[in-house]
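Letters A, B, ... are given to chains in the order of the sequence lines, protein chains preceding strands, and every chain is numbered from 1.
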Amino acid sequence: MLVCKPRALITYNPVMSDKHSMDGDLDQRIWLTVCAIPAGKLSTYGDVAERAGLPGAARRVGAALRKLPEDSNVPWYRVVNASGKSSLPPGTHGADRQRAHLAAEGILLGAGGAAVLRRYRW
DNA sequence: GCAATGACTATAA
DNA sequence: GTTATAGCCATTG
């Protein structure tokens with residue numbers, strides 16, 4: 001059974017209409033990988049990258065998540081850095097929303113953005 | 001083709 | 001614990 005409905009994914013797809021451009025392909029793969037993280041658990045950029053077939057490309061995962069539209073059902077907020085903290089600049093809109101989303105799933109972030117729950121191991 | 005960029009990471013001090 | 005540094009990968013100009 002599958003993951004979240006990638007409605008927002010399809011909505012975004014920058015240039016999928018044309019033939020040779022598969023630029024959204026990588027992002028999409030990353031997004032789908034993120035969708036596989038169960039609710040209430042966390043994962044890291046590095047792990048997501050590896051599982052998406054891009055070992056070592058943690059930064060690329062960050063870029064993909066940044067492109068993600070707000071109305072997406074992709075649980076981007078379940079992705080944190082290797083330190084178990086949020087990588088979003090504190091005080092920003094994104095960081096706020098991440099805290100809210102995680103709180104809704106029972107994950108509370110400390111003042112510095114440190115998650116209480118242990119990270120999810122694939 | 002090269003240099004700069006970034007929601008990263010591992011290591012060392 | 002934290003900070004500093006040097007790799008890392010794919011995109012972008």
Exercise. How would you list all residue pairs meeting side-chain hydrogen bond (donor to acceptor under 3.5 Å, both in side chains) that involve residues 45-55 of chain A, not counting sequence neighbours?
Worked result: A:D47-A:R119

Problem set entry | Strand contacts (DNA chain B) in residues 40-61 of chain A, 4.0 angstrom heavy-atom criterion | A:T44, A:Y45, A:G46, A:A58, A:R59

For this session: Could you tell me whether the side chain of A:T33 and the main chain of A:R29 form a donor-acceptor pair under 3.5 Å?
Result: yes

Exercise. Once you round it to whole Å, what is the distance between C1' of C:dA10 and CZ of A:R66?
Worked result: 13 Å

For this session: With sequence neighbours excluded, give me every ring-ring contact (aromatic ring centres under 6.0 Å, His included) pair touching residues 69-115 of chain A.
Result: A:Y77-A:H101

For this session: May I ask you to decide if A:L88's main-chain N or O and A:S86's side chain share a donor-acceptor pair within less than 3.5 Å?
Result: yes

For this session: Verify, without hydrogens or angle tests, whether A:R78 (side chain) and A:I37 (backbone) share a donor-acceptor contact under 3.5 angstrom.
Result: yes

For this session: Within residues 77-101 of chain A, find the residues that approach DNA chain B with a heavy atom at under 4.0 Å, and present them sorted by residue number.
Result: A:N81, A:A82, A:S87, A:L88

Problem set entry | Stepwise side chain to side chain contact (heavy atoms under 4.5 Å, CB included) check, A:V34 with A:L65 | CA-CA 9 Å; A:V34 171; A:L65 293 188; 4.1 Å; yes

Show which side-chain atoms of residues 107-117 of chain A pair as donor or acceptor with protein atoms under 3.5 Å away, not counting sequence neighbours.
none

Exercise. Could you state the CG-C1' distance from A:D27 to C:dA10, rounded to the nearest angstrom?
Worked result: 10 Å

Problem set entry | Contacts of A:A100 that satisfy side-chain contact (heavy atoms from CB on, under 4.5 Å) - sequence neighbours left out | none

Problem set entry | Whole angstrom value for the distance that separates P of C:dT11 from CG of A:L65 | 15 Å

Problem set entry | Nucleotide B:dA7, atom P - distance to CG of A:L102 in whole Å | 19 Å

Exercise. Within this structure, what is the CD-to-P distance between A:Q28 and C:dT11, rounded to whole angstrom?
Worked result: 14 Å

